[in-house]
Each structure stands twice: as C-alpha cells, then as structure tokens.
Amino acid sequence: MNPLRWRRFVNVFWTVASGTGVLVALIPLASLLWLVVSHGAKGLSASFFVSLPTPVGEPGGGVGNAIVGTFFMVGLASLMALPVGVGAGVYLAEKGDGPAGRAIRFTAEVLAGVPSIVIGIVAYGLIVTQMRRFSALAGGVALALIMVPSLARSTEEFIRLVPTALREASLALGVPGWKTSLRVIIPTALGGIVTAVLLAVARAAGETAPLLFTALNNQYWNLDPTQPTASLTVQIYNYAISPYEDWHSKAWTAALVLLLLVGLLNLMARLLSRNRMAGAR
Amino acid sequence: MISSLETATPMTPFEERPHESGHRTAAAPRVATPKLTVRGLSAWYGKNRALHDVNLTVAPRSVMAAIGPSGCGKSTFLRCLNRMHELIPGARAEGTLLLDGKDLLGRDVDPVTLRRRVGMVFQRPNPFPTMSVRDNVAAGLRLNRVGGDHDEIVERTLRQAALWDEVKDRLGASALSLSGGQQQRLCIARALAVEPEVLLMDEPASALDPIATAKIEDLIHELKERYTIVIVTHNMQQAGRVSDHTAFFYMGDLVEVGPTEKIFTNPSEKRTEDYVTGKFG
C-alpha cells in the first residue's frame with residue numbers, strides 16, 4: 001500500500017472509531033432521558049405540581065410539598081453556603097498563594113470528594129441528635145456542606161481568570177488592594193461566580209443521600225425549619241422502593257420534574273457563562 | 001558617564017553629582033529641582049538581579065525615554081518608580097528613589113498614596129470591562145471617593161487625551177466597544193483623572209497601529225506641558241520623536257543617559273552607539 005493511501009486509511013479508521021465512541025457514550029444519556037420522559041410524562045399535570053401526595057390507591061395527588069421543600073432547603077443551604085463558599089473562593093484567589101491558602105484548597109478538594117451520604121451522617125450527628133428531631137435545618141446544613149467546597153473552588157477559578165492587567169490598572173490609580181478586589185475584580189468575575197452558584201444549587205437540588213436522615217420526609221406542607229420536610233429526591237426514593245405500581249409511576253413523574261428543574265438551572269448557568277465570555281471577548 | 005555640564009539647561013536632567021552642585025548653581029542659577037531622583041537603584045526578581053545601581057534624575061515637565069533590548073531592565077525600572085514591582089512575587093528594590101526630594105521606597109511610604117501621584121499607562125489597553133467609558137475615566141475618583149464635578153473632570157481629561165470628540169456621544173457605552181487605540185487613550189484619560197504629577201508609560205503604543213501610535217505621540221507632546229513623563233519604548237524612532245532625554249539600559253545597567261539628540265547622534269558609550277545604530281538589539 002502506498003503511503004498516501006495508508007494515511008487516508010488511518011484517518012478514516014480513527015474518525016470512525018472516535019465517532020463510534022461518541023455514539024456509545026451518548027446511548028446511556030439518551031436512554032436515560034427517554035426512560036424518564038416516557039414513563040414520567042403521562043403523570044404530568046398541573047395538579048401534580050401543586051397537590052399533596054395521596055395514599056396508595058387514591059387517584060390524583062402530587063409532589064407540591066416536595067417541590068416547595070426542595071426549594072426551601074436549597075434556599076436555607078444557599079444562605080449558609082454562599083457567603084462562606086464565595087468568600088473562601090475570593091480569599092483563595094486573592095491571598096491563597098501561601099501555606100494557609102494551600103491548606104484551605106487541599107481541604108476543599110478533600111471535602112468535595114467526600115461521599116454525600118457521609119455528609120448526611122455528619123449533619124445527623126451535628127444537628128439531628130442535638131435537636132432530637134429530623135428537620136429542614138439539618139437538611140439545609142447537609143446541603144450547605146456539599147455546596148461550600150465546590151463553590152469555593154469554582155469562585156476561585158473564575159476570579160483567577162480576571163486578567164492581571166485589570167488589577168494593575170486599578171492599583172496604579174492609587175486604589176487600595178481590598179477595594180480593587182471588591183470593586184474591580186469581583187464585578188468582572190461576577191458572571192462566572194453566578195454560574196458557579198447556579199451549578200452548586202443544581203447539584204444540591206439533586207442530592208438524596210444527605211437528606212435521607214436529616215430532613216427525612218413529610219406528607220404535608222412545611223416551611224418550619226425545625227420540622228421534617230419533604231424533598232423531591234427523597235420523595236422519588238420513597239415512591240420507587242414502595243411495592244405499589246401507582247407510586248412507581250409517580251416516582252417517574254417526580255424524577256422528570258427534578259430533571260427539568262436541574263436542567264433549567266444548568267441551562268441558565270451555561271447561558272450566563274456564554275454571555276460572560278462574549279462580554280470579556 | 002556623560003558630562004552634562006554643557007547641555008544642562010533649566011529643563012535638563014543631569015547626572016547626580018553632589019560635589020559639583022555648587023558649581024552648577026553658579027553656572028545656571030535657575031536649575032530646576034529634579035522631579036524624580038534615582039540613586040543606586042538595584043532590583044531583583046528572586047535571585048536574578050534585574051537592575052544594577054541605576055543613577056539618574058528626571059526634570060519636571062519633561063519626557064524621559066527608557067530604551068534598550070528586551071530584558072534590559074527598563075520596564076523593571078519603570079515599575080519601581082511607583083512600586084508596581086511589589087506586585088510580582090519575589091521582586092524587591094533597593095536604593096534611593098526621590099519624588100520631589102522625598103523617599104518613595106521607605107517602609108513607611110504607603111504605595112497607594114504614591115500611586116496617586118505617579119500614574120501608569122500599560123503596554124496593552126486595560127479598560128475596566130464592566131464599566132462604561134465615563135465610569136472608566138472616573139474610576140480612580142469614584143473608587144478613591146474623590147469629590148468634585150466628575151462629569152467636568154471626565155470631559156477635561158478626555159479632551160486632554162484627545163478622545164473627547166470620538167466618544168462624547170457614547171459615554172455610557174461599554175469601554176470594550178472602543179477600538180484598541182481609543183481604549184489606550186481612554187486609559188491615559190483614566191490615569192490623568194486622578195491628577196498625578198508623574199505619568200509612567202510602559203510601551204504605550206506597542207499594541208497599536210501607526211495612526212493610533214501617532215495620536216499617542218502627539219498626546220505625549222501636549223501632556224509634558226503639565227506632567228513629568230517617563231516612557232519605556234522598544235521603538236527608537238519613537239524615543240527620538242517624543243523624549244527630551246533618553247536613558248539606555250543594557251543587561252540591567254544604565255549605560256548612558258542624556259539629551260535625546262546626543263544619545264542618538266553622539267553617544268559617549270560604544271554600546272549605546274551600537275544599539276541606536278542597529279548593530280544589535
């Protein structure tokens with residue numbers, strides 16, 4: 001075979017091989033989406049979003065309280081995690097080159113790798129055993145512990161993307177360092193930081209394990225942080241492990257709702273980061 | 001080193017020669033006090049010595065050009081003048097730097113205050129991307145909470161920077177919507193708005209096309225009526241066109257400093273002659 005033909009053959013071979021790899025990788029994703037949509041879509045109705053769950057055999061009912069509970073606990077978690085996580089990220093980016101910064105970064109990386117069920121146990125030990133009760137607060141703390149490390153690291157990354165030239169420009173105007181961070185660097189990185197926040201919120205909204213024995217579940221509406229609270233993920237889990245056909249189909253529909261919610265958050269994050277890139281050219 | 005006695009005029013910087021100061025005063029009774037005095041300035045990046053024992057003075061309301069091949073220390077020299085070198089980890093400077101006779105490198109001197117008196121324009125235009133044209137110019141005033149009529153200052157400095165007519169109808173537009181040359185003049189206006197006494201320019205035209213470069217050079221001519229300017233440039237023709245005095249740096253040494261015309265036509269040092277005639281560099 002002459003060299004040119006051989007080279008063409010190699011080219012075609014690897015193009016086909018890598019293309020096949022992409023298709024194989026897409027099969028689970030596509031089948032997951034198809035499965036959730038095909039099983040879940042038929043149970044979807046307006047009342048599913050706003051009604052309380054019903055006992056087995058009773059028609060209708062929904063996951064309204066679980067949707068509210070998920071937002072409530074993610075909200076509580078955000079209140080705790082955003083100041084800490086974003087603050088830590090700013091510190092790491094601005095002052096994190098010393099030993100303290102390295103230690104914090106290492107801790108954040110280890111913490112980000114801790115399985116979420118372990119985080120749940122920690123929140124159980126810290127809050128539930130003290131309060132002697134499952135509560136939205138305990139669930140929020142568990143979710144916050146999951147959000148903080150990823151928030152800190154991604155905030156740091158986005159702040160480090162701000163060109164040094166902007167910091168120099170500000171300092172050369174006689175602006176003090178802290179004000180340069182606050183008024184020049186952080187506003188420039190803001191689009192990225194918001195993206196990081198949305199991704200962390202989406203991650204927290206999709207967690208089940210940390211809520212299982214912290215917030216537990218609740219068949220009714222609840223906005224009291226000291227009471228057990230329903231969440232979409234735990235509701236899906238409960239429905240899915242039940243022996244009832246009726247609840248199984250509700251688990252699929254609730255899974256579809258969760259998928260839409262998390263997908264929407266991710267989409268917003270993607271759009272924001274794209275606009276940010278366009279803005280920074 | 002050159003003898004500057006023949007060329008010393010009231011606006012001429014001179015080699016620091018303490019022993020002869022009495023004689024000089026007698027010869028030229030109205031010799032201007034130098035705006036900047038540099039004595040025995042050495043700088044290091046870690047263990048690498050970037051500047052060796054530099055001595056020179058810059059007269060008020062004159063333009064001093066620093067020329068030399070890449071890595072000769074001219075940018076380091078410039079950065080030391082408003083202590084921007086301190087932003088680079090491991091960088092340090094020793095020696096005496098006087099602004100109006102007052103030491104700048106001392107530990108008790110606040111670099112923030114110093115940088116309000118010694119402004120800087122960078123190689124690449126670096127407007128703040130999150131701010132409008134107007135806010136960019138007023139950034140130093142707003143961030144430092146300087147009072148006064150900001151709109152009036154914005155207009156005046158934009159006129160000084162020869163940019164007013166081009167941007168007066170879009171002061172609210174993003175600074176990134178301007179062309180590269182306009183952005184650089186915007187950065188000059190921004191530096192002027194805080195009313196510095198000295199303006200440092202680090203190859204301000206190297207990222208610009210010839211027309212934009214010509215505008216910046218014209219601007220330098222006008223600015224020296226009011227400001228003391230130190231400009232680093234790679235372009236010897238540019239140094240010849242804009243400066244009153246030229247300092248030639250090579251391998252971290254200040255080889256020669258003197259009136260620009262003398263440096264380019266009749267340098268005292270062989271290395272200077274070789275460089276300005278294009279034998280190396």
Side-chain angles (χ1 to χ4, degrees), chain A residues 86 89-102 105 155-197 271-281, chain B residues 78-79 81-90 110-131 135-146 174-177 180 183-184 186-196 198-202 207:
Chain A
V86 173
V90 172
Y91 175 83
L92 286 176
E94 298 280 326
K95 303 271 172 200
D97 292 328
R102 277 197 294 277
R105 198 174 293 114
T155 301
E156 179 192 358
E157 293 303 321
F158 280 115
I159 290 180
R160 281 188 190 273
L161 282 180
V162 175
T164 322
L166 292 184
R167 182 188 310 279
E168 290 187 336
S170 177
L171 292 173
L173 290 172
V175 179
W178 65 271
K179 213 177 244 183
T180 297
S181 298
L182 212 60
R183 302 281 300 272
V184 175
I185 307 297
I186 292 177
T188 308
L190 197 63
I193 294 173
V194 172
T195 302
V197 168
L271 286 176
L272 260 171
S273 65
R274 186 180 302 168
N275 287 345
R276 194 189 66 83
M277 293 306 168
R281 280 204 284 199
Chain B
L78 195 73
R79 286 179 156 263
L81 296 181
N82 70 346
R83 293 177 59 171
M84 291 295 278
H85 70 283
E86 290 170 6
L87 304 179
I88 299 161
D110 180 6
V112 169
T113 324
L114 164 66
R115 288 175 196 141
R116 287 180 201 172
R117 298 178 63 195
V118 184
M120 192 159 189
V121 175
F122 297 84
Q123 191 168 358
R124 295 190 164 276
N126 53 1
F128 299 128
T130 55
M131 297 183 196
D135 289 350
N136 258 281
V137 179
L141 303 171
R142 292 195 317 148
L143 295 177
N144 291 327
R145 294 188 188 279
V146 177
S174 162
L176 295 180
S177 67
Q183 287 185 13
Q184 190 63 308
L186 180 67
C187 292
I188 293 174
R190 180 178 64 186
L192 296 180
V194 294
E195 302 199 356
V198 179
L199 195 59
L200 309 175
M201 305 179 110
D202 188 359

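Just so we're on the same page: letters track the sequence lines, and every chain starts at 1.
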Worksheet entry | Sub-4.5 Å side-chain heavy-atom contact between A:Leu171 and B:Pro111 | no
Worksheet entry | Contacting moiety of B:Val121, where chain A heavy atoms sit under 4.5 Å | neither
Worksheet item: So which heavy atom on A:Ala169 is nearest to which on B:Phe122, and how close?
Response: CA-CE1, 3.8 Å
Worksheet, complete the sentence: dist A:Ile186:CD1 -> B:Thr130:OG1 (nearest 0.5 Å) comes out at 11.5 Å
Worksheet item: What is the distance from atom CD of A:Glu168 to atom CZ of B:Arg124, rounded to the nearest 0.5 Å?
Response: 13.0 Å
Worksheet item: Where does B:Pro127 contact chain A at under 4.5 Å (heavy atoms): side chain, backbone, both or neither?
Response: backbone
Worksheet item: Which heavy atom of A:Ala165 sits nearest a heavy atom of B:Asn126, and at what distance?
Response: O-ND2, 2.9 Å
Discussion item. Tell me the closest heavy-atom pair linking B:Pro129 and A:Leu166, and the distance in Å.
Written reply: CD-CD1, 3.4 Å
Worksheet, complete the sentence: chain A shares the most heavy-atom pairs under 4.5 Å, among B:Met84, B:Met120, B:Arg83, with B:Met84
Discussion item. For B:Asn144 versus A:Lys179, what's the shortest heavy-atom pair and its separation?
Written reply: CA-NZ, 4.4 Å
Response to the item:
Taking every heavy atom of B:Arg116 against every heavy atom of A:Pro176, the minimum-distance pair comes out as NH2-CD, 4.1 Å
Item to complete: Going by the side-chain contact (heavy atoms from CB on, under 4.5 Å) test, name the single residue among A:Leu182, A:Val175, A:Thr180, A:Leu173 that passes it with B:Leu143.
Response: A:Val175
Worksheet, complete the sentence: Honestly, the part of A:Ser170 sitting under 4.5 Å from a heavy atom of chain B is both
